[in-house]
Asker: 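I have a structure here, written as C-alpha cells, and I will follow up with some questions on it.
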Amino acid sequence: MDIVFQEKSMTNDLLKHTPVLLSNSDSALLFFDKAYNTITERELKRNDEYYEEMFSRRDPRTGDFGVKFSDVRLDLETRVKNIKERKEKVKELKKHFVESKRLYLASVEQFKTIQSKFTSQSSFFLRSDEVLVQQLTKLAQTYDSMLTVFGNYRSALRGIQKSNYNQQLSSQEIIDFKKDGTSAADFFQDDV
C-alpha cells in the first residue's frame with residue numbers, strides 16, 4: 001500500500017490537485033511507517049519471496065542473491081525522507097503560486113480602478129494629481145511583489161521532479177489605455 005500511495009502522489013498534479021497529492025503522501029508515510037515498524041529479520045526470512053523482486057542483491061562476499069534486512073530498512077528510510085521532502089516542497093510551491101496569482105489579480109483590479117476614472121489616456125495625463133501618483137506607486141509595488149513571488153515560485157518549481165510545469169511570465173505593454181491591462185492571465189499555461 002505504501003508504494004501504491006507513493007506512486008499515486010507522484011502522478012497527482014502539483015497545482016490542480018494539491019490536497020489529493022498531500023493526502024496520498026500522508027497515506028504513503030503512514031503505510032511506510034507501519035512497514036518499517038513491523039518488518040523484522042524473522043519476517044524477511046519467512047516471506048522473502050515477497051521482498052525478492054525489490055530488494056534482492058548480490059552479496060559481494062558469497063556471490064549469492066538475497067534480501068538483507070539492512071537494505072529493506074534503508075530503502076524504507078530513504079522513501080520516507082523523499083516523500084517528506086517532496087511534500088514540503090509542494091506546499092511551498094503551492095503557497096508561492098497562490099500568492100503570485102493573488103498579487104496579479106490585485107494589480108489588475110488596481111489598474112481597473114485607475115482606468116475607470118478616466119475616459120482616455122489624454123485625460124489620464126491631464127488630470128493626474130498626487131492621489132493618482134500614490135495609486136500608481138501602489139500598483140507598481142503590487143506588480144513588483146508579484147514578480148518577486150513568481151520568481152520564488154519558479155525557484156521552488158525547479159526543486160521538484162516530474163512537475164509538468166514550466167511557466168514563463170511575459171509582460172504585455174499597455175498600448176491602448178482603455179482596452180489593455182484588464183485581461184486575466186492563465187497561470188496554468190506555459191506562457192503566462
Side-chain angles (χ1 to χ4, degrees), residues 1-58 65-108 145-172 183-192:
M1 288 303 291
D2 48 17
I3 294 171
V4 169
F5 278 112
Q6 181 185 21
E7 290 302 316
K8 278 185 171 185
S9 72
M10 294 298 285
T11 59
N12 293 127
D13 191 282
L14 295 171
L15 300 175
K16 294 178 183 174
H17 305 121
T18 307
V20 175
L21 184 147
L22 295 175
S23 174
N24 286 336
S25 296
D26 287 339
S27 296
L29 289 172
L30 175 76
F31 283 110
F32 274 123
D33 186 51
K34 283 186 179 191
Y36 187 83
N37 291 327
T38 57
I39 289 181
T40 61
E41 286 201 45
R42 184 175 177 200
E43 164 72 17
L44 275 176
K45 287 180 182 172
R46 198 169 359 140
N47 299 310
D48 62 344
E49 66 274 1
Y50 295 125
Y51 302 98
E52 280 181 350
E53 186 177 325
M54 280 186 74
F55 302 107
S56 183
R57 302 215 183 357
R58 182 184 295 266
F65 283 95
V67 178
K68 288 189 176 180
F69 179 68
S70 60
D71 290 344
V72 174
R73 297 286 284 223
L74 178 64
D75 184 69
L76 291 173
E77 289 169 358
T78 304
R79 287 176 184 263
V80 166
K81 181 180 148 241
N82 291 341
I83 290 172
K84 286 180 179 179
E85 285 177 3
R86 187 168 197 270
K87 186 177 160 187
E88 291 305 314
K89 288 178 182 179
V90 168
K91 284 181 183 179
E92 180 184 351
L93 177 79
K94 183 68 173 192
K95 180 184 78 167
H96 291 308
F97 178 77
V98 168
E99 184 65 11
S100 63
K101 203 170 168 183
R102 184 192 69 77
L103 287 169
Y104 176 79
L105 292 173
S107 298
V108 169
S145 297
M146 189 277 301
L147 292 176
T148 302
V149 173
F150 192 80
N152 294 340
Y153 161 76
R154 295 262 312 141
S155 296
L157 187 63
R158 277 186 236 116
I160 297 177
Q161 295 176 347
K162 297 182 182 179
S163 66
N164 298 331
Y165 287 102
N166 187 22
Q167 289 101 331
Q168 299 292 327
L169 190 66
S170 57
S171 299
Q172 301 294 321
S183 61
D186 186 0
F187 277 76
F188 292 107
Q189 296 295 320
D190 285 343
D191 186 22
V192 180

Asker: Do Met146 and Leu169 have side chains that approach each other closer than 4.5 Å (heavy atoms only, starting at C-beta)?
Answerer: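 Yes - at least one pair of side-chain heavy atoms lies under 4.5 Å apart.
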
Asker: Name all residues meeting the side-chain contact (heavy atoms from CB on, under 4.5 Å) criterion together with Asp13; count only those two or more places apart in sequence or in a different chain, and write none if there are none.
Answerer: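 Scan of Asp13 (side-chain contact (heavy atoms from CB on, under 4.5 Å), adjacent residues dropped) gives Leu15, Lys16, His17, Tyr165.
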
Asker: Do Gln167 and Leu157 come close enough that some side-chain heavy atom pair is under 4.5 Å?
Answerer: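 A side-chain contact exists here, since the closest heavy-atom pair is under 4.5 Å.
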
Asker: Please round to the nearest 0.5 Å and tell me the distance separating atom CG of Leu103 and atom OG1 of Thr148.
Answerer: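 The distance works out to 9.5 Å.
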
Asker: Test of understanding: with side-chain hydrogen bond (donor to acceptor under 3.5 Å, both in side chains), list the residues that count as partners of Glu85, not counting sequence neighbours.
Answerer: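 Once residues adjacent in sequence are excluded, Glu85 has no partner under the side-chain hydrogen bond (donor to acceptor under 3.5 Å, both in side chains) criterion.
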
Asker: Within a reach of under 6.0 Å around CZ of Arg42, are more than 12 heavy atoms found that belong to other residues, nucleotides or ligands?
Answerer: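 Incorrect, the count does not exceed 12.
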
Asker: Phe31: which residues meet the ring pair (Phe, Tyr, Trp, His ring centres under 6.0 Å) condition with it, sequence neighbours left out?
Answerer: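 Ring pair (Phe, Tyr, Trp, His ring centres under 6.0 Å) list for Phe31, sorted by chain: Phe5.
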
Asker: Using the rule given for side-chain contact (heavy atoms from CB on, under 4.5 Å), can you reason through Leu76 versus Val80, listing the C-alpha separation, both sets of side-chain angles and the distance that settles it, and then say yes or no?
Answerer: CA-CA 6 Å; Leu76 291 173; Val80 166; 5.5 Å; no

Asker: Hey, could you give me the CG/CG distance between Leu14 and Leu22, rounded to the nearest 0.5 Å?
Answerer: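 So the gap between those two atoms works out to 10.0 Å.
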
Asker: Could you check whether any side-chain heavy atom of His96 comes within less than 4.5 Å of a side-chain heavy atom of Arg154, counting everything from C-beta outward?
Answerer: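 SC-SC contact between His96 and Arg154 ruled out.
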
Asker: Could you check Lys84 against Leu29 for side-chain contact (heavy atoms from CB on, under 4.5 Å), going step by step and ending with a plain yes or no?
Answerer: CA-CA 8 Å; Lys84 286 180 179 179; Leu29 289 172; 3.9 Å; yes

Asker: Tell me, with the steps shown, if Val149 and Arg102 meet side-chain contact (heavy atoms from CB on, under 4.5 Å).
Answerer: CA-CA 10 Å; Val149 173; Arg102 184 192 69 77; over 6 Å; no

Asker: Of all residues at least two apart in sequence or in a different chain, which pass the side-chain hydrogen bond (donor to acceptor under 3.5 Å, both in side chains) check with Arg86?
Answerer: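 Arg86: no side-chain hydrogen bond (donor to acceptor under 3.5 Å, both in side chains) contacts found.
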
Asker: Can you list the steps and then say if Asp26 with Lys87 is a side-chain contact (heavy atoms from CB on, under 4.5 Å)?
Answerer: CA-CA 9 Å; Asp26 287 339; Lys87 186 177 160 187; 2.3 Å; yes

Asker: Could you grab the distance from atom CG of Asn24 to atom CG of Asn12, nearest 0.5 Å is fine?
Answerer: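 Answer for the CG-CG pair, Asn24 versus Asn12, is 5.0 Å.
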
Asker: Could you list the residues that satisfy ring pair (Phe, Tyr, Trp, His ring centres under 6.0 Å) with Phe150, not counting sequence neighbours?
Answerer: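 So Phe150 forms a ring pair (Phe, Tyr, Trp, His ring centres under 6.0 Å) with Tyr153.
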
Asker: I'd like to know if the side chain of Ser23 and the backbone of Pro19 have a donor-acceptor N/O pair within less than 3.5 Å.
Answerer: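 Side chain of Ser23 to backbone of Pro19, a donor-acceptor pair under 3.5 Å: no, none is there.
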
Asker: Less than 4.5 Å apart, side chain to side chain, heavy atoms only: is that true for Ile3 and Phe32?
Answerer: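 In short, these two side chains touch, coming nearer than 4.5 Å.
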
Asker: Partners of Arg79 by salt bridge (charged side-chain N to carboxylate O under 4.0 Å, His left out), sequence neighbours excluded?
Answerer: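 Applying salt bridge (charged side-chain N to carboxylate O under 4.0 Å, His left out) to Arg79 gives Asp75.
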
Asker: Drop me the distance from Leu21's CG to Lys8's NZ, to the nearest 0.5 angstrom.
Answerer: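 The distance works out to 12.5 Å.
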
